[in-house]
Amino acid sequence: MTPLDLVLTGGHVVDVGGGHVGAFDVGVRHGKIAAVAPALDVSAAREVVDVRGRIVTPGLVDLHTHVHAGGGYWGIDPDPIAWCTGVTTWVDAGSAGAYTLGAFRAAAARGRVRIAAFLNISAVGLSGRTGEARDLAHCDVDLAVSTIVANRDLVRGVKVRMDRETVGDNGLEPLRRGLTVAEACGVPLMVHIGTSPPELTDVVSLLRPGDLVTHCASAIAAGSSPAHPALVDAYRRGVLFDLGHGSGGFAFDVLDAQLALGLIPHTLSSDLHARSVYGPVFDLPTTLTKLLALGLSLEDVIARATVHPARVLGLPAGTLTVGAPADLAVFTLRDGPFEVVDAHQQRRIAPHRLVNDATYVGGRLLTPRLPEPPPAWIPLTPAQRQALHDRTNALRALLREPLVGADGLSEQFPRYSV
């Protein structure tokens with residue numbers, strides 16, 4: 001038998017989708033998962049990494065990101081973030097529309113991570129901060145359908161932002177057009193909920209089972225009650241909740257109320273973009289740590305950031321099943337307490353936090369990369385500027401002289417909760 005290319009040995013595997021939770025070795029051959037077993041023969045393996053005391057998961061799948069760097073207001077390059085966060089599959093939530101998907105595809109092909117996309121119902125996508133659906137001429141149903149049909153490998157859904165800045169006087173029409181496209185192409189629709197009009201009740205009443213509400217635990221989602229009745233009804237009839245943390249899309253008190261009603265988000269995503277990457281989000285592991293602070297188990301948060309989003313979009317990701325792509329993340333679960341904050345500066349205490357030690361895509365270790373400075377148009381608070389300064393200095397030190405532990409895994413730069 002051909003030797004294994006890589007074995008991660010001695011770790012605690014959390015692979016809910018593949019049915020592996022516990023002490024397992026993970027073997028990789030030709031970029032695919034070759035074996036998961038309590039003890040693999042490592043004598044002939046080309047590389048063996050001792051991950052005792054670490055958590056090994058499938059590469060994380062972030063269902064809501066904006067990764068069209070240079071293609072609009074919100075875009076970031078995922079590569080300088082992926083290597084130290086464990087996120088191997090980045091799903092872009094509507095940065096590109098029909099007019100700009102070609103450029104998005106070209107940019108995605110140059111990266112080291114896997115990228116999928118929701119196509120924006122507006123053909124201009126998120127080239128600006130907002131307003132993409134004010135001109136209904138951009139919300140061309142036939143054009144969107146033909147774009148998805150021609151790009152099935154990349155586009156897995158439709159994205160519509162529904163708030164008064166984005167749609168102007170067009171009310172529910174952009175959403176109706178998005179649903180027509182999604183229905184014609186057999187894909188889910190993700191709707192961003194924001195400041196009315198349109199009213200939240202009217203927006204979610206149109207959604208189908210399997211469609212997604214992102215920013216599900218935002219202040220908007222609460223309405224005049226702890227959990228908006230329209231969202232409670234939508235959840236119970238099969239509409240999926242996506243966290244979509246972002247700069248303003250996550251409030252601890254709202255999610256507390258939803259959890260008390262049994263409304264657990266189906267997927268946990270960061271909404272990482274050119275503003276939220278500097279705080280309060282920072283990255284997906286920091287977001288998952290905030291859910292640990294609300295009482296979700298480690299297995300639960302990992303499942304909702306791996307196999308759950310992969311299944312929503314039919315992606316070959318999120319599990320360590322034999323034959324699956326060898327996308328892997330290695331974490332240290334550090335004991336707290338750790339203070340974490342939401343998008344409104346509400347604070348909670350997490351008992352643990354996830355810190356990424358290594359990230360593999362197709363069995364290849366992602367190596368460090370320094371991110372570009374913030375675009376000139378992105379406003380940063382003093383706390384964000386300080387966090388950026390501290391993180392950049394720590395990363396530069398790591399790049400000059402990698403901090404390697406006794407087990408051969410990098411000790412990554414610090415995370416911040418501001």
Side-chain angles (χ1 to χ4, degrees), residues 11-12 14 51-57 60 62 81-87 217-218 243-259 264-265 267-272 275-306 329-359 380-395 397-398 403 405 407 409-418:
H12 179 83
V14 180
V51 291
R52 283 176 293 182
R54 295 331 207 268
I55 306 292
V56 179
T57 76
L60 302 184
D62 197 337
I81 304 165
W83 70 272
C84 58
T85 61
V87 182
S218 65
L243 189 70
H245 187 322
S247 295
F250 172 44
F252 278 129
D253 58 342
V254 176
L255 188 53
D256 275 333
Q258 292 177 348
L259 293 176
I264 305 173
T267 55
L268 302 177
S269 67
S270 66
D271 186 18
L272 207 62
R275 294 177 68 163
S276 67
V277 70
Y278 306 110
V281 178
F282 296 112
D283 52 47
L284 186 56
T286 301
T287 299
L288 301 185
T289 295
K290 296 177 188 184
L291 274 292
L292 295 177
L294 294 184
L296 272 69
S297 70
L298 178 66
E299 290 79 9
D300 214 357
V301 299
I302 295 297
R304 293 167 195 275
T306 53
V330 181
F331 294 97
T332 295
L333 187 67
R334 293 189 179 170
D335 292 331
F338 299 106
E339 185 178 77
V340 290
V341 301
D342 66 9
H344 304 283
Q345 294 297 305
Q346 297 181 86
R347 298 176 184 272
R348 296 287 191 277
I349 300 298
H352 313 283
R353 73 174 179 183
L354 283 161
V355 177
N356 181 248
D357 297 301
T359 302
L380 298 180
T381 67
Q384 287 176 318
R385 291 188 182 281
Q386 185 62 50
L388 173 62
H389 172 79
D390 293 345
R391 290 184 126 198
T392 301
N393 283 348
L395 180 53
L398 179 64
L403 305 175
D407 51 17
L409 292 173
S410 296
E411 295 292 337
Q412 304 294 357
F413 60 89
R415 270 55 173 182
Y416 300 90
S417 64
V418 294

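Positions are given from 1, in the same order as the sequence printed here. Note that the structure is predicted; figures quoted are calculated from it, not measured.
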- prompt: Looking at Val301 and Leu288, what are the two nearest heavy atoms and their distance?
  reply: O-CD2, 4.0 Å
message: I need the Arg275 CZ to Leu380 CG distance, nearest 0.5 Å.
response: 9.0 Å
- request: Apply side-chain hydrogen bond (donor to acceptor under 3.5 Å, both in side chains) to His352 and list each qualifying residue two or more places apart in sequence or on a separate chain.
  value: Asp335
- request: Run through Thr286, Asp62, Thr287 and flag the one making a side-chain hydrogen bond (donor to acceptor under 3.5 Å, both in side chains) with Ser270.
  value: Asp62
task: Identify, with sequence neighbours excluded, every residue that meets side-chain contact (heavy atoms from CB on, under 4.5 Å) alongside Thr289.
output: Val340, Ala350, Arg353, Leu354
- request: Kindly give the heavy-atom pair with the smallest separation between Ile349 and Pro337, and that separation in Å.
  value: CG2-CB, 3.4 Å
- line: Rounded to the nearest 0.5 angstrom, the CD-CZ distance for Gln345 and Phe252 is 10.5 Å
message: How close do Phe331 and Gly86 get, counting heavy atoms only, and between which atoms?
response: CZ-CA, 4.2 Å
NE2 on His245 to OG on Ser218, rounded to 0.5 Å: 12.0 Å
field: Side chain proximity check, Ser269 to Thr267, heavy atoms < 4.5 angstrom
entry: no
- request: Go through the structure and list residues passing side-chain contact (heavy atoms from CB on, under 4.5 Å) with Ala217, not counting sequence neighbours.
  value: Leu243, Phe250, Val254, Leu255, Gln258
query: Looking at Thr85 and Pro285, what are the two nearest heavy atoms and their distance?
result: O-CG, 3.1 Å
query: How long is the gap from CG on Asp357 to CD1 on Ile55, to the nearest 0.5 Å?
result: 10.5 Å
- line: Between Asn356 and Val330, the two heavy atoms sitting closest are ND2-O, 3.1 Å
- request: Please name the pair of heavy atoms, one in Ala343 and one in Gly246, separated by the smallest distance, quoted to 0.1 Å.
  value: CB-O, 4.3 Å
- prompt: Asp256: what forms a salt bridge (Lys or Arg N to Asp or Glu O under 4.0 Å) with it, not counting sequence neighbours?
  reply: Arg348
query: What residues, two or more places apart in sequence or in another chain, satisfy side-chain contact (heavy atoms from CB on, under 4.5 Å) together with Thr306?
result: Pro58, Leu60, Ile302
Pairwise side-chain hydrogen bond (donor to acceptor under 3.5 Å, both in side chains) hits with a residue in residues 293-303, at least two apart: Asp300-Arg304
- prompt: Pro265 versus Leu259: any side-chain heavy-atom pair under 4.5 Å?
  reply: yes
